[in-house]
K.L.:
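Dropping the structure in here first, questions after.
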Amino acid sequence: AISSRCDLTQDGMTLGFSKTDPDSSTGTVEVTVDVPKIEKDGSTLLISTPEQLAWFAYKVTNDNATWGSTSVRLTADIDLLGAPYGGYLSASAPETTADEAKAKYAGALLWTPIGYQTSSSGEFLYYKGTFDGAGHSISNLHIEDAFQNGAGFFGMTEAATLKGIRIASGFIYSSELFNVTGSLVARLSAGSTGSTVSDCFNSATVSGGLIGGLVGGAYGDSTVIERSGNSGLLSSHANSSCTGGVIAVSNGSLTVRDCYNTGTIMTWTGSKDVFAGNLLGNAMGTSASFFNCYSAGPMQTDPSADPLGAKGIVVGTVSGSPTVTYMNCFYNQDVLSGSYSDGSASGLRSTTTEEFASGEIAWSLDTATEYGDESSPLMHRNVWGQDLARNADGELENAAVYPEPGVAEDRVVCFENDSRNLRSCVVVAVRDRAVVGATEHDAVRFAGNAAGNGVAIHGNSARVDASNDH
């Protein structure tokens, strides 16, 4: 058996993997791997292999002045398992707890984050560029206890733009109580110009003391997280932990719009100092604003432990005196029952699983302005939509539309999927009682248009895709 760690030891277009091999007399095997040539689009690096991506991460850390602000675009899905170099999964292991996820990914190569704080000098090695995942996935991301100040695909960013990145699977873990940990980025610093995360999604398991589904800590002013969400398991392990479905902690001014969490939040060591929110764990700084978001992630605590210090449908707790605003936000009361710190907040609406499945919530999210107000005249923003259930013949089984068919305005009814969270879709518009391509009681008209961005509502048989209804 070989337990592998991806430590890059050589410069240039080669990777040096340092492996521990119990059968070796020295206990270590050094492997050098050639990296395929990286093409460019202008000054943007076009990355298509895990070797190229690991090489880039190495350069950001070891020659930050040259590479720290370089723009990157992925041109293919990236698998970080490292199978050619001894990486493997324990395929039989489920992922219903952090321990199970840890066991499953124990044999996968460990990822070195893009940008982090060095342990020797304490230097902050930020990534400051634009990283465009172009809707591609990062799978088998494995990080455990290697870095100062947090763990994530990106360790530390400043004034960066991160977009179109999907963390499809993996295990991201930090045992340090106050290390921020997020699947996408541990420390998102706004710098002087602000940071943006858009169209990013996580399905990996994240475990630690201060953990977010996507972002560990968001620091500074003008931070925007939009059209993004988490469906991965989030599991805290400390008596002073803080968990957020999307962001663990914010300190500055934060705007979150068109985001969601459906991932389970587990706080197995409850105490008065344990906080959890379905979108944000702890709001600090000056402001935290949420527009057109929804919460549907179960929040589980160990029944034998003390109650949580605070838990929130959107925000778990508030430190200091930031202004917290909700506009046109929703939560599933069938999943999130009981008492919450922000349960009666203005701009936050309680709904049911049935309402989520009907199409009403998707329609309400999409027809609001980007700041959560009702648009006038009523217009779709082409962000949210819904795919209703179909029967074996491909016909709409439940063609319930919100509002009712037969009204002049277009409505969200049904969209087609592809394999990623950024989807090419089919427009469905409600015009009159004429029926085209659906069952007799539907009032729909099909027409094609350009692709849009989408996120997922889960409620009964409903799935949310890009809404291009116009």
K.L.:
Do N328 side-chain atoms and Y371 backbone N/O form a donor-acceptor pair below 3.5 Å?
P.N.:
no

K.L.:
Not counting sequence neighbours, list each pair that qualifies as a side chain to side chain donor-acceptor pair (under 3.5 Å) and has a residue in residues 153-164.
P.N.:
K128-E158

K.L.:
Is the shortest side-chain heavy-atom distance between V314 and L348 below 4.5 Å?
P.N.:
yes

K.L.:
The criterion is ring pair (Phe, Tyr, Trp, His ring centres under 6.0 Å); which residues satisfy it with F290, sequence neighbours excluded?
P.N.:
Y326

K.L.:
What residues, two or more places apart in sequence or in another chain, satisfy ring pair (Phe, Tyr, Trp, His ring centres under 6.0 Å) together with F171?
P.N.:
Y173

K.L.:
Quick check: closest heavy atoms across S137 and A168, and the distance to 0.1 Å?
P.N.:
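Distance-wise, the nearest heavy atoms are CB-CB, 3.9 Å.
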
K.L.:
Kindly compute the distance separating CZ (R227) from CZ (F201), expressed to the nearest 0.5 Å.
P.N.:
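That separation rounds to 8.5 Å.
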
K.L.:
Between N62 and Y58, is there a donor-acceptor pair closer than 3.5 Å when you use the side chain of the first and the backbone of the second?
P.N.:
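Side chain of N62 to backbone of Y58: a pair is present.
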
K.L.:
Taking all atoms of both residues into account, what is the closest heavy-atom pair of V180 and G217, and its distance?
P.N.:
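Scanning both residues completely, I find the closest heavy atoms to be CB-N, 3.9 Å.
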
K.L.:
Kindly determine whether I47 and T75 satisfy side chain to side chain contact (heavy atoms under 4.5 Å, CB included), including the steps that lead there.
P.N.:
CA-CA 6 Å; I47 287 180; T75 60; over 6 Å; no

K.L.:
Residues two or more places apart in sequence or in another chain: which of them pass side chain to side chain contact (heavy atoms under 4.5 Å, CB included) with L233?
P.N.:
T205, T264, M266

K.L.:
Checking N64 side chain against Y126 main chain: does a donor-acceptor pair fall under 3.5 Å?
P.N.:
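Present.
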
K.L.:
Ring of Y331, cation from R349 - is the NZ or CZ under 6.0 Å from the centre and inside 45° of the axis?
P.N.:
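The answer is no, since R349 fails at least one limit relative to Y331.
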
K.L.:
Could you measure the distance from the CG atom of N278 to the CG atom of N230? Nearest 0.5 Å is fine.
P.N.:
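If we round to the nearest 0.5 Å, N278:CG and N230:CG are 9.5 Å apart.
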
K.L.:
Quick check against the 3.5 Å criterion: does T181 have a side-chain atom that pairs as donor or acceptor with the backbone of I211?
P.N.:
no

K.L.:
Could you go through the side chain to side chain contact (heavy atoms under 4.5 Å, CB included) check for I247 and L279 one step at a time?
P.N.:
CA-CA 6 Å; I247 313 113; L279 293 180; 5.8 Å; no

K.L.:
How long is the straight-line distance from CE of M327 back to OG of S346, given to the nearest 0.5 Å?
P.N.:
7.5 Å

K.L.:
Is there a side-chain contact between N282 and C242 (heavy atoms, below 4.5 Å)?
P.N.:
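Yes, close enough: below the 4.5 Å cut-off.
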
K.L.:
Do L109 and L80 make a side-chain contact, defined as non-hydrogen atoms from C-beta onward lying under 4.5 Å apart?
P.N.:
no

K.L.:
Kindly compute the distance separating NZ (K40) from OG1 (T70), expressed to the nearest 0.5 Å.
P.N.:
8.0 Å

K.L.:
Tell me, do F153 and L53 make a side-chain contact under 4.5 Å, heavy atoms counted?
P.N.:
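Yes - at least one pair of side-chain heavy atoms lies under 4.5 Å apart.
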
K.L.:
With no hydrogens and no angle check, is any side-chain donor or acceptor of S295 less than 3.5 Å from a backbone partner on I313?
P.N.:
yes

K.L.:
Atom OG1 in T112, atom CG in L110: separation rounded to 0.5 Å?
P.N.:
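The CG atom of L110 is 8.0 Å from OG1 of T112, to the nearest 0.5 Å.
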
K.L.:
Can you tell me if D41 and T44 form a side-chain donor-acceptor pair at under 3.5 Å?
P.N.:
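No, T44 and D41 have no side-chain donor paired with an acceptor closer than 3.5 Å.
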
K.L.:
Taking side chain as C-beta onward, heavy atoms only, is K59 less than 4.5 Å from W55?
P.N.:
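Yes, at least one pair of side-chain atoms sits under 4.5 Å.
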
K.L.:
Would you call F56 and I114 a side-chain contact if the rule is heavy atoms closer than 4.5 Å?
P.N.:
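A side-chain contact under 4.5 Å exists here.
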
K.L.:
Within the structure provided, determine whether T286 and D221 are in side-chain contact (heavy-atom separation under 4.5 Å).
P.N.:
yes

K.L.:
Work out which heavy atom in A57 is nearest to a heavy atom in P113; give both atom names and the distance.
P.N.:
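That closest heavy-atom pairing would be CB-O, 4.4 Å.
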
K.L.:
Give the intermediate values and the outcome of side chain to side chain contact (heavy atoms under 4.5 Å, CB included) for residues L214 and S228.
P.N.:
CA-CA 9 Å; L214 283 171; S228 299; 3.7 Å; yes

K.L.:
Can you name the closest pair of heavy atoms from T61 and G115 and give their distance?
P.N.:
OG1-N, 4.0 Å

K.L.:
Whether the E144 and Y105 side chains hold a donor-acceptor pair (N or O, under 3.5 Å, no angle test) is what I'd like checked.
P.N.:
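There is no such pair between these side chains.
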
K.L.:
If we only count heavy atoms from C-beta on, is the V224 to V197 side-chain gap below 4.5 Å?
P.N.:
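No, side chains not in contact.
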
K.L.:
So how far is it from S169 OG to R166 CZ, rounded to the nearest 0.5 Å?
P.N.:
8.5 Å

K.L.:
So, using ring pair (Phe, Tyr, Trp, His ring centres under 6.0 Å) as the criterion, who are the partners of F154 when residues are at least two apart?
P.N.:
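Ring pair (Phe, Tyr, Trp, His ring centres under 6.0 Å) list for F154, sorted by chain: Y127, F131.
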
K.L.:
Give the minimum heavy-atom separation between T262 and S231, together with the two atoms involved.
P.N.:
OG1-CB, 3.4 Å

K.L.:
Tell me the closest heavy-atom pair linking S341 and V315, and the distance in Å.
P.N.:
OG-O, 3.4 Å

K.L.:
Please list all pairs passing the salt bridge (Lys or Arg N to Asp or Glu O under 4.0 Å) test where one or both residues lie in residues 286-299, with sequence neighbours left out.
P.N.:
none

K.L.:
Is it true that E226 and S198 share a donor-acceptor pair across their side chains at a distance under 3.5 Å?
P.N.:
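There is no such pair between these side chains.
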
K.L.:
Check whether any side-chain N or O of T369 sits under 3.5 Å from a backbone N or O of D373 as a donor-acceptor pair, and report yes or no.
P.N.:
yes

K.L.:
What verdict does the side chain to side chain contact (heavy atoms under 4.5 Å, CB included) test give for D132 and V72, after you've listed the backbone C-alpha separation in whole Å, the side-chain angles of each residue and the deciding distance to 0.1 Å?
P.N.:
CA-CA 6 Å; D132 183 1; V72 169; over 6 Å; no

